Amino acid sequence: QVQLVESGGGLVQAGGSLRLSCAASGRAYSNYAMGWFRQGPGKEREFVAAISWRGGSIYYADSVKGRFTISRDSAKNTVYLQMNSLKPEDTAVYYCAADRSGVNSRRPTEYDYWGQGTQVTVSS
């Protein structure tokens, strides 16, 4: 069993930055692929970024490529999402998720565990 707790959300002006953290509990965390997803008002949950269990494979959604960076620190059982050049359309609840297969995926159905989410609001 893995429990995930996100933090780092908040209100920021367009062009600003935030770093989200996702702390994981559970001994097997280091073997899991990790992903970030988001859900804006009235929208479906969408893929943002994912990293494989060794960190050797990383995917980004086209909408965030070049602005967001996903990373993981297995010693701290934490995955991060550095978000730069934020835009109002990035406003959403951001969720981290863990995939037991260890293979990062863009599909939310592939993930086994989810955090409760953290709100990110970008003002124009």
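What you see is a predicted model; the values in this text were computed from it and never measured.
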Inset, instruction - Start with the C-alpha distance between W53 and M34, add both sets of side-chain angles, then the distance that settles side-chain contact (heavy atoms from CB on, under 4.5 Å), and finish with yes or no. - result: CA-CA 7 Å; W53 73 279; M34 299 298 296; over 6 Å; no
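- A heavy-atom distance below 4.5 Å is found between the side chains of P108 and W114.
- We find that D90 and K87 are not joined by a salt bridge, their nearest charged nitrogen and carboxylate oxygen being 4.0 Å or further apart.
- Scanning for side chain to side chain donor-acceptor pair (under 3.5 Å) contacts around R54 gives an empty result, with sequence neighbours left out.
- When only modelled atom types and interatomic distance are considered, N84 and S17 share a side-chain donor-acceptor pair under 3.5 Å.
- Transitive grouping of hydrophobic side chains (ILVMFWY, heavy atoms separated by less than 4.5 Å) brings V12 and L81 into a common cluster.
- Listed by chain and residue number, S25 satisfy the side chain to side chain contact (heavy atoms under 4.5 Å, CB included) test with Q3 (two or more places apart in sequence, or in another chain).
- Cluster annotation: F68 is connected to I58 through the hydrophobic network of ILVMFWY side chains, with a link wherever side-chain heavy atoms come within less than 4.5 Å.
- A donor-acceptor pair is defined here as one N or O able to donate and one able to accept, closer than 3.5 Å; such a pair exists between the side chain of E6 and the backbone of C96.
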Legend entry - Derivation and outcome, side-chain contact (heavy atoms from CB on, under 4.5 Å), residues S105 and F47: CA-CA 9 Å; S105 171; F47 169 76; over 6 Å; no
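- Hydrophobic clustering (side-chain heavy atoms under 4.5 Å, transitive across Ile, Leu, Val, Met, Phe, Trp, Tyr) groups Y60 together with V120.
- Annotation: Y111 is in aromatic contact with F37 [ring centroid separation under 6.0 Å].
- When hydrophobic clusters are built by joining Ile, Leu, Val, Met, Phe, Trp and Tyr residues whose side-chain heavy atoms come closer than 4.5 Å, directly or via intermediates, L20 is grouped together with I51.
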Inset, instruction - Decide side-chain contact (heavy atoms from CB on, under 4.5 Å) for Y80 and I70; before the verdict, give the C-alpha distance in whole Å, the side-chain angles of both, and the deciding distance to 0.1 Å. - result: CA-CA 6 Å; Y80 303 99; I70 188 172; over 6 Å; no
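- In terms of modelled atom types and a separation under 3.5 Å, the side chain of T78 and the main chain of K76 share a donor-acceptor contact.
- Judged by distance alone, with hydrogens and angles left aside, the side-chain atoms of T118 form a donor-acceptor pair with the main-chain N or O of G9 at under 3.5 Å.
- Considering all non-hydrogen atoms of both residues, V103 and A33 come closest at C-CB, 3.5 Å.
- The shortest side-chain heavy-atom distance between M83 and T69 does not fall under the 4.5 Å cut-off.
- The nearest pair of heavy atoms linking Q39 to E44 is CG-C, 4.0 Å.
- Between the side chains of N104 and S52, no donor-acceptor pair is found at a separation under 3.5 Å.
- Pairs passing the side chain to side chain donor-acceptor pair (under 3.5 Å) check and including a residue from residues 92-103, sequence neighbours excluded, read R38-Y94, D99-S101, R100-D112.
- When hydrophobic clusters are built by joining Ile, Leu, Val, Met, Phe, Trp and Tyr residues whose side-chain heavy atoms come closer than 4.5 Å, directly or via intermediates, V79 is grouped together with V2.
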